[in-house]
Protein chains: 2
Amino acid sequence: MKDKEAEMFILEIEKNFETFSFNKGEFIPLFQSNKKEIALIKSGKVSLMKSDINGNLLYIDHFKKNEMFSKLWIYNEENDLFFVCTTPVELYFLDYTLFIQGTNQKYLSFFLEKSIQYMTYLHQKITILQKKNMEEKLLTYFRIESEKNGNKRFEIPVTYKELADYLGVDRSSLMRKLNELEQKKKIKKQGKTIFLKN
Amino acid sequence: MKDKEAEMFILEIEKNFETFSFNKGEFIPLFQSNKKEIALIKSGKVSLMKSDINGNLLYIDHFKKNEMFSKLWIYNEENDLFFVCTTPVELYFLDYTLFIQGTNQKYLSFFLEKSIQYMTYLHQKITILQKKNMEEKLLTYFRIESEKNGNKRFEIPVTYKELADYLGVDRSSLMRKLNELEQKKKIKKQGKTIFLKN
DNA sequence: AAACTTATGTGACAATTGCAACAGTTCTTT
DNA sequence: AAAGAACTGTTGCAATTGTCACATAAGTTT
């Protein structure tokens, strides 16, 4: 299924499903519900966050337009995760049970395609996180972002605080490492814009 | 789809698909092929490995009976990954294109169910890897393994070398940390058997 | 059974990273 | 526009982790 087909499909969903709206800062009550729901974002951004013992919020990941998220595939044994809107958000709730039992194979194929994209993304993230030091984590992350944008110059789509959480490192150590990489001429940094050399 | 249904389904696959056999140490040529193939393991174990610049082999993950693997959802931009059999292996090759275009919805549902299981697993792994220090990584890993076995006492299913790779840490540092955790009475360790306290 | 390879275990030392504290900046809300 | 909150940037220091080197144990192959 190509991107265009996917968009056509989303148009079809738009006809058949109700839109739900959320304000910035609101929670998406997926972990609270018993239903096997999958959220598809029509517009806006949703972050997956974790609250740790001290009440600090840890950024895990985020989802944006045309991406799906669901508690179905999130590991939340400690019950400390939640989805929060970081912008105003419009989304659809799709019922997984209907997906899988329904007769419309299009829905299934679409969802499967999305799942595969997401698995690839998770593998990318693991590739980054399995690196043994921060420099390699950062450079791998930058390479992936750079490829995604098809350009050596790109914007970091999150705050540096969130990037530190994402990489599982300390924020101030991250800043120090960024300076170091700049001194070693491996990157150039202007605010959130990174230029990756070589 | 319950485990039993999944097993029934695998029996059906067994009827319709050819089995391929591999010796221990052999590569599964998925990255070499152009086909969109998904391997389903009938018996044996397959590891996903990475060869780094120095020619060292890094363990990424492994797959076992009734689990699927495919290059479709693996990030292999640097072309340094491969699947290798760590035991004698029998498996089926399923064609993703047929899956998605075919009329047999059972296949689709089965594959989707497997995909969701795998996404959950990847999220678990990310939960471990995003921890900021080795102690938390280890204890989270142990908790997950313990839950999976339904027992505070469980076997580590890989070598300590592989576990270090998996967690993205140095092997000798891992050994040191294990001793430390034992001294702090957080675990008890006998060879590959771990007893998780509290 | 011997030779060989791979895994486990330990220690000294260097390098990296986390932590805490603080100042300046930017973004949000009132 | 002012106040408040959150983010960015920097530093010293302590704690953690990686590297290297080597010894022993376990597993594999011949």
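In what follows, every chain begins at residue 1, and chains take the letters A, B, ... in the order their sequences are listed.
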Can you tell me the distance, in whole Å, between the [atom1] atom of [X] and the [atom2] atom of [N]?
| X | N | atom1 | atom2 | value |
| --- | --- | --- | --- | --- |
| Asp165(B) | dA7(C) | CG | C1' | 12 Å |
| Asp170(A) | dT8(D) | CG | C1' | 13 Å |
| Gln130(B) | dT17(C) | CD | P | 17 Å |
| Glu162(B) | dA26(D) | CD | C1' | 15 Å |
| Glu180(B) | dT16(D) | CD | P | 7 Å |
| Glu136(B) | dT16(D) | CD | C1' | 13 Å |
| Gln183(A) | dG9(D) | CD | P | 15 Å |
| Leu174(B) | dT19(D) | CG | P | 14 Å |

OP1 or OP2 of [N] sitting under 4.0 Å from any side-chain N/O of [X]?
| X | N | value |
| --- | --- | --- |
| Lys192(B) | dA7(C) | no |
| Ser172(A) | dT10(D) | no |
| Lys177(A) | dT16(C) | no |

Would you please say whether a donor-acceptor pair under 3.5 Å links the side chains of Glu155(B) and Thr193(B)?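 Yes, a side-chain donor-acceptor pair sits under 3.5 Å.
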
Compute whether any side-chain donor of one residue and acceptor of the other, for Asp165(A) and Tyr160(A), lie under 3.5 angstrom apart.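 No - no donor-acceptor pair under 3.5 Å links their side chains.
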
Tell me what Gly25(B) touches on the nucleic acid: a base, only sugar-phosphate, or nothing, going by heavy atoms under 4.0 Å.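 The answer is nothing, as Gly25(B) stays clear of every strand by at least 4.0 Å.
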
Against Phe31(B), only a single residue in Phe82(B), Phe83(B), Phe69(B) fulfils ring-ring contact (aromatic ring centres under 6.0 Å, His included); can you say which?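 Result: among Phe82(B), Phe83(B), Phe69(B), Phe83(B) is the only option passing the ring-ring contact (aromatic ring centres under 6.0 Å, His included) with Phe31(B).
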
Taking for each residue the nucleotide of DNA chain C bearing the nearest heavy atom, is the 5' side occupied by Glu135(A) or by Arg171(A)?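 Final value for this comparison: Glu135(A).
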
Contact nearer the 5' end of DNA chain D, comparing Thr159(A) with Lys24(B):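 Looking at DNA chain D, the more 5' nearest nucleotide goes with Thr159(A).
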
Pick the closest DNA chain D nucleotide for Lys161(A) and for Asn133(B) by heavy atoms, then say which residue is nearer the 5' end.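 Its nearest nucleotide being more 5', the pick is Lys161(A).
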
Between the two end axes of the helix from dA1(C)-dT30(D) to dT30(C)-dA1(D), each built from 5 base pairs, what angle do you get to the nearest 10°?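 Here the local axes at opposite ends form an angle of 70°.
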
If you check every side-chain atom of Tyr160(B), which of dG18(D), dG9(C), dT8(D) has the closest atom?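 Nearest listed nucleotide: dG9(C).
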
Met175(B) side-chain proximity, nearest of dG18(D), dG9(C), dT10(D):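 Selected nucleotide (nearest to the side chain): dG9(C).
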
Test side-chain hydrogen bond (donor to acceptor under 3.5 Å, both in side chains) on Ser146(A) and Arg143(A) and set out the steps. CA-CA 5 Å; Ser146(A) 164; Arg143(A) 253 177 250 125; over 6 Å; no

Angle class for the Tyr118(A)/Phe63(A) ring planes (parallel below 30°, perpendicular above 60°, tilted otherwise)?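 Tyr118(A) and Phe63(A): tilted rings.
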
Give the ring-plane orientation class for Phe9(A) versus Tyr107(A), where under 30° counts as parallel, over 60° as perpendicular and anything between as tilted.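 Taking Tyr107(A) first and then Phe9(A), their aromatic rings stand perpendicular (interplane angle over 60°).
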
Assert yes or no for the condition that the ring centre distance of Phe20(A) to Phe93(A) is strictly below 6.0 Å.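 Phe20(A) vs Phe93(A): aromatic centres under 6.0 Å.
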
